[in-house]
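So the structure is just underneath, and the comments pick up after that.
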Amino acid sequence: MKNIHRDNLTAVVQHSFAGIGDERTRHLLEQLVGHLHAFALQTTLTHDEWRAGLGFLHEAAHITTDSRSEFSLMSDVFGLSSLVDLMSSRPGTTPGSVLGPFHARGSPWMTTPVNLLADNPGEVVLLHGSVKDEAGQPITNATIDFWQNADNGLYWQQDPEQSQDNLRCQFKVDASGCFELLTIRPKPYSIPTDGPIGELFRVSGRSQWRPAHFHIIVEAAGYQTLVTELFDPEDPYLDSDAVFGVRQALVTAYQPQNNAADMARLGLSQPYLSAEFNVVLPPARARVPSNHA
Ligand code: BEZ
Ligand code: FE
């Protein structure tokens, strides 16, 4: 008989995964058990607290659907998503930031210069920039998947007034690795608060707001895929992002423009703002120094 007691339980549970053939998976599970048990021991977790934790997970499962994951949100608001992003970001390349729940596959393909204005109200922004490698060479086969919220702060999934293709697109950079995209200035946005995460925010007095941002996914054969966001430097929530996504390198200044020739070229009848964002992608097999986070 195996006598289970407080001092051997962790090792016994860890050993129960010894049959997992994949070494990395086995290591992750052993570490997870070790850290969970250490948490319970160090906090002297009571039955009531343990039950409350399970109840929280139960509520999260209850509200989760295919299109709305309270578990992703949990990872975001506990900073785990950002930690994984930061650990995999190679110095000298563009840092990653949270994907969020509003990325939808299959956005319409467009050609740079892209125009997403349609009949959206809001301040007009020309987002422009380039995609390059670590040596500064243009990556001419890069594609960009782009999405953002509308002037009322809502993504199309949250707003029956918006078409399902509003303010989202995919496009290839041009032959010099550059792109231009006409759109509107995004707005700050509240994370969903109708589930247990919302309750957690209410009891902790935490701000549920995300600073205004554009989302992009940059992909190119031979390079690591980048999932990131571009932030508005004038946003009041820049220092209190509910999901910890802001990085200095992702804050993109908006410059007022009123050059008549540029306005004519862009088909605009009014001044606009321009924001420049240059992406640097690491090669597919590049590693991140282990002490970098
Ligand atoms: C967003 O960018 O819209 C978002 C990101 C993480 C959690 C909730 C929303
Ligand atoms: Fe977002």
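Note that ligands are numbered from 1 as they come in the structure, with each ligand's atoms numbered from 1 the same way.
Using modelled atom types, no side-chain atom of E229 and backbone atom of G100 make a donor-acceptor pair closer than 3.5 Å.
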Side chain to side chain donor-acceptor pair (under 3.5 Å) between Q257 and S274, worked out: CA-CA 7 Å; Q257 305 290 346; S274 74; 2.9 Å; yes
Pair V279-I216, side chain to side chain contact (heavy atoms under 4.5 Å, CB included): steps then yes or no: CA-CA 10 Å; V279 172; I216 54 170; 4.2 Å; yes
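In the hydrophobic clustering of this structure, I217 does not group with V114; members are Ile, Leu, Val, Met, Phe, Trp, Tyr whose side-chain heavy atoms approach within less than 4.5 Å, directly or through other members.
The existence of a salt bridge linking E199 and R202 is confirmed by a sub-4.0 Å separation between a basic side-chain nitrogen and an acidic carboxylate oxygen. Between R210 and D76 there is no salt bridge, since none of the side-chain N atoms of the basic residue sits less than 4.0 Å from a carboxylate O of the acidic one.
The neighbour count for E161 CD, taken as heavy atoms of other residues, nucleotides or ligands under 6.0 Å away, does not exceed 12.
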Run through all N or O atoms in ligand 1 and write down each protein N or O closer than 3.5 Å, as a pair with its distance.
residue: ligand 1; atom: 2 (O); partner: R210; partner atom: NH1; Å: 2.8
residue: ligand 1; atom: 2 (O); partner: H213; partner atom: NE2; Å: 3.0
residue: ligand 1; atom: 2 (O); partner: H215; partner atom: NE2; Å: 3.0
residue: ligand 1; atom: 3 (O); partner: Y155; partner atom: OH; Å: 3.4

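Take the Fe ion (ligand 2) and draw a sphere of radius 2.8 Å; the protein N/O/S atoms inside it number 3.
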Side-chain donor-acceptor pairs of residues 105-112 under 3.5 Å, sequence neighbours excluded:
residue: S107; atom: OG; partner: R168; partner atom: NH1; Å: 3.0
residue: T112; atom: OG1; partner: E180; partner atom: N; Å: 2.8
residue: T112; atom: OG1; partner: E180; partner atom: O; Å: 3.4

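Residues satisfying the ring-ring contact (aromatic ring centres under 6.0 Å, His included) test with W147, not counting sequence neighbours, are H103, H215.
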